[in-house]
There are 2 protein chains.
Amino acid sequence: MKKEKAKDRIIRTASDLFYRQGFNSTGINQIIAEADIAIGSLYNHFSSKNDLLQAYLVKEEAEWFKGFEDQIKNSNSPKDKMLALIDYRKKLQDESTFAGCHFIKIISELGDSSPVISDFVKSHKEKQKIMIREILTQYGLETKSLDIDSVAEHIFLLIEGAVVTSTIDKNADAFAYIKKIIQGLLP
Amino acid sequence: MKKEKAKDRIIRTASDLFYRQGFNSTGINQIIAEADIAIGSLYNHFSSKNDLLQAYLVKEEAEWFKGFEDQIKNSNSPKDKMLALIDYRKKLQDESTFAGCHFIKIISELGDSSPVISDFVKSHKEKQKIMIREILTQYGLETKSLDIDSVAEHIFLLIEGAVVTSTIDKNADAFAYIKKIIQGLLP
DNA sequence: GTCTATATGGTGATAGAC
DNA sequence: GTCTATCACCATATAGAC
C-alpha cells in the first residue's frame, strides 16, 4: 500500500473537520496540524480555504453516489431500490452519530454568501431527485396510475425531513416512520 | 414611542446578523458597530457571545409561536389550521428570501458542540410536533380512522423537508407540493 | 514540493475611568 | 451603565530558503 500523498491527506483531514466542527470553526492551522503538513504545502495545492471547501464538496458528492451504488447492489425491484435509498441515508446518519447531511450543513452555515457553493448544493440535490424519478420510472408502463413527479417529490421531501430531524433528535426514529410511509406509497 | 433600549438593540442586531451571516461569521465588533453600542455595554448585558446566542434563540422561539397564533386566527377547522401552519412556514421563508429555519441553521453550524443549544432546538421542534398532534386531536372522536401520531409525524417531516429544500432551491415550490399532499392526508 | 518565518488584521473578552 | 483602551490569541495568506 502506497503512502498517502500530502494533497490527499489535506483534503481528508479538512473534510473531516469541516463536517464535524463546521467550516468557519475550522482554522487552517488546525488542518495543517492534524494533517501533519506545512502551511506552505497546503497553499501549494489549494489556492484558498474556499478552494479547499469546494474540493471537499466535490469529494463528498462522488462518495455519496459511489456509496449508494454499493448499497443498492443487491436490490432488484424498484421498490427495493427505493427502500435501499432510505437505508443508505439512515446508515450515513448512524455512522456519523447523526452529524447531518454535508450539503444541508454547509448551506445552513454559509447561507447565500458563496454562489458557487449554493449552486453546487442545489445541483447535488437535483441529482438525487432525478435518481428517485429514475427508480420510479423502472416500474414501467403497467403502473400508469403512478404520478412519478409527485411521488418522487413526496419521497424526496420525506427523506430530507428525516435527515434533519434525526440530526436534531440524535436518533433514527424518523427513518422508521418514512420507510413505512414510502412502502405505502409504492405499488 | 419610547426609545429602544440598548439591550434590545443589541439582541435585535445580533439576531439579524446571526441569522443572515451565521453565528461564527458574526463578530462582536460587527454587532456593537451596527447596534451603535460600546463593547463594555454589551458585556454588561450578556456574559458572552454564547449567552447572546441563547437569548437570540429564546426570542426567536417566542416570536415563532406568536406569529403562528396570528396566522391561525381566522382558521376554524383543524384542517384550516394545519394548512395555516404550512402557509406560515412558507411565509417565513418568503419574507427572509429563503434564509432557512433559525433552529436547523444553528444546529447545522454548531453540531453537538453546545449541549444547551442542542437541547433547546430539540425541545423547540418537539413543541411543534405536539402542536401538530393537538390540531389533529381537534378532529374529535368521530374520525377514529385517523392515526394521530403517524399522521403528525408524516406532516412534520414533510414540512421540515420543504423548509430545507426551499432554502436550497430559493423558491417555494416544495410548499405547494406538501400542501397538496397534506390536504390528501386529512379528512 | 515542502519547509519556516512572517505579514496583517480580526477574535472574544477584560480593566478601569467617568 | 456606558465608555475607551487594551489584552492575548488566532485568522488567512504570502515570501523565500532549501
Side-chain angles (χ1 to χ4, degrees), chain A residues 2-59 105-106 108-111 113-117, chain B residues 2-59 105-106 108-118:
Chain A
K2 267 176 73 179
K3 216 182 91 187
E4 190 182 17
K5 286 195 182 140
K7 182 168 182 174
D8 293 334
R9 214 160 61 244
I10 294 168
I11 198 165
R12 184 173 52 76
T13 307
S15 297
D16 190 57
L17 291 171
F18 290 165
Y19 186 44
R20 312 225 150 254
Q21 304 185 344
F23 177 69
N24 285 311
S25 300
T26 301
I28 295 285
N29 291 333
Q30 190 183 8
I31 296 171
I32 61 171
E34 297 201 13
D36 198 30
I37 215 81
I39 189 166
S41 298
L42 189 150
Y43 281 96
N44 183 45
H45 291 295
F46 301 95
S47 66
S48 68
K49 194 187 173 190
N50 234 283
D51 191 31
L52 194 43
L53 172 61
Q54 278 177 249
Y56 153 64
L57 292 178
V58 167
K59 193 204 72 174
K105 265 178 79 80
I106 202 69
S108 296
E109 185 168 358
L110 301 187
S113 60
S114 171
V116 177
I117 303 294
Chain B
K2 267 175 72 178
K3 217 182 89 185
E4 191 182 16
K5 284 191 184 147
K7 183 168 181 174
D8 292 334
R9 213 160 62 243
I10 293 168
I11 199 165
R12 184 172 52 77
T13 306
S15 297
D16 189 58
L17 291 171
F18 289 165
Y19 186 44
R20 313 225 148 255
Q21 304 185 344
F23 176 70
N24 284 311
S25 300
T26 301
I28 295 285
N29 291 332
Q30 191 184 7
I31 296 171
I32 61 170
E34 297 202 10
D36 198 30
I37 213 82
I39 189 165
S41 297
L42 189 150
Y43 281 97
N44 182 46
H45 291 295
F46 301 95
S47 66
S48 69
K49 193 187 173 189
N50 233 283
D51 190 32
L52 195 43
L53 172 61
Q54 278 177 248
Y56 152 64
L57 291 178
V58 167
K59 193 204 71 175
K105 265 177 80 80
I106 202 69
S108 295
E109 184 167 358
L110 301 186
D112 230 16
S113 60
S114 171
V116 178
I117 302 294
S118 299

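Please read all numbers here as calculations on a predicted model, not as lab measurements. So you know, we letter chains A, B, ... as the sequences are listed, proteins then strands, and number each from 1.
- Taking both residues in full, the closest heavy atoms of Ser15(B) and Lys59(B) are given as OG-NZ, 3.1 Å, listed atom of the first, atom of the second, then distance.
- Residues from residues 22-37 of chain A that place a heavy atom under 4.0 Å from any atom of DNA chain C, listed by number: Ile37(A).
- In terms of heavy-atom proximity, Thr13(A) sits nearest to Ile31(A) at CG2-O, 3.9 Å.
- Contact check on Arg12(A) versus Asp8(A) returns no salt bridge, with no Lys/Arg side-chain nitrogen under 4.0 Å from an Asp/Glu carboxylate oxygen.
- Note that NZ of Lys105(B) is 11.5 Å distant from CG of Leu110(B), once rounded to the nearest 0.5 Å.
- Distance check, rounded to the nearest 0.5 Å: CD of Gln21(A) to CG of Asp112(B) gives 13.0 Å.
- For residues 4-37 of chain B, the pairs satisfying ring-ring contact (aromatic ring centres under 6.0 Å, His included) are Phe18(B)-Phe23(B), Phe18(B)-Tyr56(B), Tyr19(B)-His102(B), with sequence neighbours left out.
- Contact between Ile11(A) and Ala55(A) at its shortest, heavy atoms only, is CD1-CB, 3.4 Å.
- Within the structure, side chain to side chain donor-acceptor pair (under 3.5 Å) contacts touching residues 32-41 of chain B (residues at least two apart or in different chains) are Gln30(B)-Glu34(B).
- Once you apply a 4.0 Å limit to the heavy atoms of chain A, the touched nucleotides of DNA chain C run 5' to 3' over dG1(C) to dA5(C).
- The shortest non-hydrogen separation linking Asn24(B) to Lys49(B) is CA-NZ, 4.1 Å.
- Shown here are the side-chain contact (heavy atoms from CB on, under 4.5 Å) partners of Ser114(A), two or more places apart in sequence or in another chain: Asn50(A), Val116(A), Ile117(A).
- Interface residues of residues 39-51 of chain B facing DNA chain C, ordered by number: Ile39(B), Tyr43(B), Ser48(B), Lys49(B); criterion, heavy-atom separation under 4.0 Å.
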